[in-house]
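First up is the structure itself, then whatever we jot down about it.
Note that the coordinates shown come from a computational prediction; the quantities given were computed from them, not determined experimentally. Throughout, residue positions are numbered sequentially from 1 according to the sequence presented.
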Amino acid sequence: MAIGVFDSGVGGLSVAQKIRELLPHENLLYLADSLHAPYGEKSASFINERARIIVQFLIDKGARLIVVACNTATVSCIKELREQFNIPIVGVEPGVKTAVANSTSKVVGILATTQTLKSPAFTALATQYSKNVKVEVQACPGLVEQVESLLLNDANTQVLVQQYVQPLINKGADKIVLGCTHYVFLAPLIQQVAGPNIEIINTATPVAQEVVRRLSARGLASNNRELGSDAFFSSGELELAMRQIKILWGENVRVERIV
């Protein structure tokens, strides 16, 4: 039995790392749907169908809980996934609540993909928390592709980050929410552009804590005393996938190609 984690690509590794940190004895399955990344530019129906196929694949591999480690997939289809599958499914949402609660300037910025920002679920979330705080959103086309290409500090990446972060600073944001799991790997660059007085917020830790809570509530936590295993799958080009995961996960891994 295992915890299944998936994303449109390798961004969700940022969530999987926190899960591994909090749950060292659980087996992890991670699937990067890199062939179809980024989801942020795809239709909701396409994302829904890919997510359904992936969840079934992870269940067939032994997953007893699924983490949708992708903001776009979460807001696009987590409701449908929970209706289709009878196991706990944990999603990620931009950390708007935390940002709003702690904002001094009463302006919060959100960096996200185009599809996330267009979704009714995100609109409802932003509206819910924008009564006393102004929520400024910024679509970031191109950033997911830079992370997938491992160009984490490339000159073009720096230009894009500057282009997307600066308008939020100009509008007075004192908190910037990373509304895409890929962006966590660009956090140092985003912080550099934003400056030391701006807090960068990601949701990897709260998501991992929710996984711990769900496993405990369902009596699904492993009694294993040995360290859990990690298995990686990718729909993308295999050599690139192994390089991506080695760099972002921090060790040599074997990756299995899936379609």
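Listed for the Q17 side chain is a donor-acceptor partner under 3.5 Å among the backbone atoms of L248. The backbone N or O of F233 lies less than 3.5 Å from no partner atom in the side chain of R257, so there is not a single donor-acceptor pair. Of the possible donor and acceptor atoms, none in the side chain of S216 sits under 3.5 Å from a partner among the backbone N and O of R213. In this structure, the side chain of Y183 does not engage the main chain of V147 through any donor-acceptor pair within 3.5 Å. Side chain of D7 to backbone of A32: no donor-acceptor contact under 3.5 angstrom is found. With D174 contributing its side chain and T104 its backbone, the two residues share a donor-acceptor pair below 3.5 Å. With hydrogens and angles ignored, the 3.5 Å screen pairs a side-chain donor or acceptor of R64 with a backbone N or O of L220.
Residues V10 and F185 fail the side-chain proximity criterion, which asks for heavy atoms closer than 4.5 Å. The shortest side-chain heavy-atom distance between N153 and Q158 falls under the 4.5 Å cut-off. Two residues are said to be in side-chain contact when any heavy atoms from C-beta on lie closer than 4.5 Å; E148 and S34 meet this criterion. Between T157 and L152 there is no side-chain heavy-atom pair separated by less than 4.5 Å. The shortest side-chain heavy-atom distance between Q84 and N48 falls under the 4.5 Å cut-off. At a threshold of 4.5 Å between non-hydrogen side-chain atoms, the residues D33 and Y39 count as touching. Here the side chains of L215 and L23 are in contact, with some heavy-atom distance below 4.5 Å. With contacts defined as side-chain heavy-atom distances shorter than 4.5 Å, the pair K18/V207 does not qualify.
Distance CD/Q191 to CD/E199: 8.5 Å, rounded to 0.5 Å. Expressed to the nearest 0.5 Å, how far CZ of R254 lies from CG of L238 amounts to 9.5 Å. For the atom pair CD1 of I47 and CD of E41, the computed distance is 9.5 Å after rounding to the nearest 0.5 Å. Between S105 atom OG and K134 atom NZ the span is 11.0 Å, to the nearest 0.5 Å. Taking CD1 of I200 as the start and CD1 of I198 as the end, the distance is 7.5 Å to the nearest 0.5 Å. Rounding to the nearest 0.5 Å places CG of N102 at 6.5 Å from CD1 of I201.
The two residues V15 and A204 make their nearest non-hydrogen contact at CA-CB, 4.2 Å. In terms of heavy-atom proximity, S8 sits nearest to H182 at OG-CE1, 3.6 Å. In this structure, G12 and T181 approach most closely via the heavy-atom pair N-OG1, 3.5 Å. Counting all heavy atoms, side chain and backbone alike, V255 lies closest to A241 at CG1-CB, 4.1 Å. In this structure, S130 and V135 approach most closely via the heavy-atom pair CB-CG2, 3.7 Å. Minimum heavy-atom separation, S222 to H25: OG-O, 3.7 Å.
In terms of hydrophobic clustering, with Ile, Leu, Val, Met, Phe, Trp and Tyr side chains grouped at heavy-atom distances under 4.5 Å, V67 and L29 are assigned to different clusters. Note: the hydrophobic cluster containing L150 also contains Y30 (ILVMFWY, side chain heavy atoms under 4.5 Å, direct or indirect links). L151 and V193 fall into different hydrophobic clusters, defined by Ile, Leu, Val, Met, Phe, Trp and Tyr side-chain heavy atoms under 4.5 Å apart, directly or through other members. Hydrophobic clustering of Ile, Leu, Val, Met, Phe, Trp and Tyr side chains at less than 4.5 Å, counting indirect connections, keeps I190 apart from V177. V100 and V137 fall within a single hydrophobic cluster, where Ile, Leu, Val, Met, Phe, Trp and Tyr side chains are chained together by heavy-atom contacts under 4.5 Å.
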Quick one, L111 with L168, criterion side chain to side chain contact (heavy atoms under 4.5 Å, CB included). Give me CA distance, side-chain angles, the key distance, then yes/no. CA-CA 9 Å; L111 301 173; L168 299 178; 3.5 Å; yes
What's the verdict on side chain to side chain contact (heavy atoms under 4.5 Å, CB included) for I110 and F122, showing C-alpha distance, side-chain angles and the deciding distance? CA-CA 11 Å; I110 301 175; F122 175 80; 3.7 Å; yes
Go through the steps for E256 and K61 under the test side chain to side chain contact (heavy atoms under 4.5 Å, CB included), then give the verdict. CA-CA 12 Å; E256 182 180 328; K61 288 288 182 179; 4.0 Å; yes
For I66 and F85, run side chain to side chain contact (heavy atoms under 4.5 Å, CB included): C-alpha distance rounded to whole Å, both residues' side-chain angles, the deciding distance at 0.1 Å, then the answer. CA-CA 10 Å; I66 299 290; F85 297 98; over 6 Å; no
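Looking at E49 and K42, no side-chain N of the basic residue comes within less than 4.0 Å of a carboxylate O on the acidic one, giving no salt bridge.
Considering V90, I87, I3 in turn, V90 is the only one that fulfils the side-chain contact (heavy atoms from CB on, under 4.5 Å) rule with R214.
Every pair passing side chain to side chain donor-acceptor pair (under 3.5 Å) that includes a residue from residues 69-78 is listed here, sequence neighbours excluded: T72-T113, T72-T116.
Counted within 6.0 Å of CD on E226, heavy atoms from surrounding residues, nucleotides or ligands total 12 or fewer; the atom is thus considered open. Atom CD of E83 has more than 12 neighbouring heavy atoms from other residues, nucleotides or ligands inside a 6.0 Å radius. The 12-atom threshold is exceeded at CG of N170, counting heavy atoms of other residues, nucleotides or ligands nearer than 6.0 Å. Under a cut-off of 6.0 angstrom, the local environment of CG in N132 is sparse, with at most 12 non-hydrogen atoms contributed by other residues, nucleotides or ligands.
Annotation: F6 is not in aromatic contact with F57 [ring centroid separation under 6.0 Å not met]. Ring-centre distance between W249 and F232: below the 6.0 Å cut-off.
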